[in-house]
Number of protein chains: 2
Amino acid sequence: MTGGHVTEMLERYRVLAIDALLAGVPSDGPHYLYDLVSEYPRRWGKGLRAALCLAACRAFGGTPSVGLNAAVTVELFHNAFLIHDDIQDESEQRRGAQTLHGEYGVGVALNVGNMTNLLALQRLAANRRALGSGIAWRLFEETQLMLRHSLEGQAIEVGWIRDNVCDLDADDYYRMCLKKTSWYTCIYPCRTGILVATGQQDAIDVLDRYGWYLGAAFQIQDDALNLVGDFARYGKEIAGDLWEGKRTLILIDFMRRCTGDERERLLEFLRRTRTQRTAAEVRWLHGRLLAYDCVESARRSARDLAAAAHREGRRALGPAAETEDGRFLLGLPEYVVERSR
Amino acid sequence: MTGGHVTEMLERYRVLAIDALLAGVPSDGPHYLYDLVSEYPRRWGKGLRAALCLAACRAFGGTPSVGLNAAVTVELFHNAFLIHDDIQDESEQRRGAQTLHGEYGVGVALNVGNMTNLLALQRLAANRRALGSGIAWRLFEETQLMLRHSLEGQAIEVGWIRDNVCDLDADDYYRMCLKKTSWYTCIYPCRTGILVATGQQDAIDVLDRYGWYLGAAFQIQDDALNLVGDFARYGKEIAGDLWEGKRTLILIDFMRRCTGDERERLLEFLRRTRTQRTAAEVRWLHGRLLAYDCVESARRSARDLAAAAHREGRRALGPAAETEDGRFLLGLPEYVVERSR
């Protein structure tokens, strides 16, 4: 499948899920709540998670309508995660505009994130009537597992920054990434898509390896775009990860390859809090990461992971690899590592 | 039932629920997550919500063990709410020590609050095996309803501060209070306690009025303690509500009774952000609230609400009013308005 077909199908599934999401947000209620729940979903996003869920559902014999609640659920969890993550990282920009807490304050934004999580749970519960109690409980269990991985992944990353952990290697990064990104971005949507399609509660793990590699490739490209992307397309402040001291694969690579003097300077930089860091230091670090080719090196790893995702996906899909959705799922690995936003 | 018996039973149920809560927190995992989930529950709290749930359960024929998961669930939601609420209000003290975000930063604390919510959901799901799928789903629905009310109530309060709303009356306060406090503090624990005891899905609302009045009385006394309490017992910074610009019944009463000059000065104070307010202004407002007898006036309202809670509780409990748990439930209204912490 060519890149054009991937983006076309992404767009089709995105529109389907986001329209259903927005239609399900209550229109009545206090100010600063439901109106702001719709704020991030209305800004352009890729809709990757909803598309993975719907494509996995169709590839395993389901219809889009049987997977729609699950697709909306994961997009709602994703948007709640973005709102909370922006507060935690003190980010300024999201999807090309000011972050929610930047515009409305932390008090409002945290609450809106919590309401977005609640709407996700409500959407999940709607599967009971549509699919029966057994499948609905299994979806609830899958959701608890996904949330546990995501929150543990988030705790690992936040802990590294807080404790100024500097002796990390690529494996540490990949373990964090599996929990923080791959599970909710790729593995969970595939598992729930297969579950609602087949009604088989035990055979939902066939795309796990595909999702794990795809999520890691996705996260590395996200880290790269944070450093070399175009704000107009990427939609977040450039080099925000450096201001935050995030332990990306790119930074971990630099730590292991730089000179003793550079390491001293880097540790001095990482020891500070975000507000203590200066633009000059961020520029220096940015320049070093490029000079050492750390961004390109990480992107090579991402391309290897994308190839692994493709291989695992083909094996898992079997004959379904030739369907429209199978080809879309197999085109996604290349898409996530070549995307500019 | 005398006050001594109320505090004895509160303590007995608190120990039962908090021990079960702490035993259910995973011991393995990343730093800054499960260890911090236990932080607020380990500090002394009243355990009011767990006790209401267990007492309602026993008063309606259940055993403590059948209600334990529901009691632990509401205490977990409560602790998650405290963690997030402290971030939203920029509070400094909780239960006699530094707030979680004050000690570990917003990034860590927000995540710990989310994990506490997840553990509550997991505990809720544990009812499926113990009580069957039908009751477990009904508990899940009750939980969704409770979370909706709580988040809407929180949005109303945060919105009043953000929009500097000053034309409020007592009815506005009571409506906000029903959602923000009564539902999750009193109504939800009673409903879930009755549900697990009886297995009757339709008759769980008999203590709603009791819980609504009890919650309002509880919140007003909380607002009063914030102004006239003893920090060593109350455990939060005194006058924190004034620093935050909270629209308590006490402040609303003052707005309606003060002179034109005082009102001007109050509006000027409320127009500022928390960090722009000065200790001298807070002291002035504190003094005015006492001089106008606004605290005592609000406490009289709280005592009236407590009497109404007692009356409604007696009617709802019927013959169960004479049981140990019935007498405890009927002793709680007086307890919540006379407590010093």
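Below, read A as the first sequence line, B as the second, and so on, with proteins coming before strands; counting in each chain starts at 1.
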Please test B:Tyr32 against A:Asp163 for side-chain contact (heavy atoms from CB on, under 4.5 Å), starting from the C-alpha separation and ending with a verdict. CA-CA 10 Å; B:Tyr32 303 119; A:Asp163 291 343; 2.3 Å; yes
Considering non-hydrogen atoms only, spot the tightest contact between B:Pro30 and A:Glu152 and give its length. CG-O, 3.7 Å
Go through the atoms of A:Val158 and report whether side chain, backbone, both or neither lie under 4.5 Å from a heavy atom of chain B. side chain
If I measure from the heavy atoms of chain A, does B:Ala80 come under 4.5 Å with its side chain, its backbone, both, or neither? neither
Side chain, backbone, both or neither: which part of A:Ala109 has an atom under 4.5 Å from a heavy atom of chain B? neither
Which region of B:Tyr34, side chain (C-beta onward) or backbone (N, CA, C, O), has a non-hydrogen atom less than 4.5 Å from a non-hydrogen atom of chain A, or is it both or neither? side chain
Interface check, chain A: of B:Lys179, B:His84, B:Arg148, B:Met115, most non-hydrogen pairs under 4.5 Å belong to B:His84
Measure from the side-chain N and O atoms of B:Arg162 to the backbone N and O of A:Val108, and report whether any donor-acceptor pair falls under 3.5 Å. no
Which residue out of A:Ile156, A:Asn114, A:Leu147 racks up the most heavy-atom pairs below 4.5 Å with chain B? A:Asn114
What residues of residues 116-124 of chain B make heavy-atom contacts with chain A at a cutoff under 4.5 angstrom? B:Leu118, B:Leu121, B:Gln122
For chain B, which of A:Glu90, A:Gln154, A:Glu141, A:His31 has the most heavy-atom pairs under 4.5 Å? A:Gln154
Straight-line distance of A:Leu110 CG to B:Leu110 CG, nearest 0.5 Å: 4.5 Å
Compare every heavy atom of B:Asn111 with every heavy atom of A:Leu151, then report the nearest pair and how far apart it is. O-ND2, 3.1 Å
Test of understanding: with ring-ring contact (aromatic ring centres under 6.0 Å, His included), list the residues that count as partners of B:Trp137, not counting sequence neighbours. A:Trp137, B:Phe140
Looking at chain B, which one of A:Gly153, A:Ala125, A:Gly29, A:Gly159 has the largest number of heavy-atom pairs inside 4.5 Å, strictly under? A:Ala125
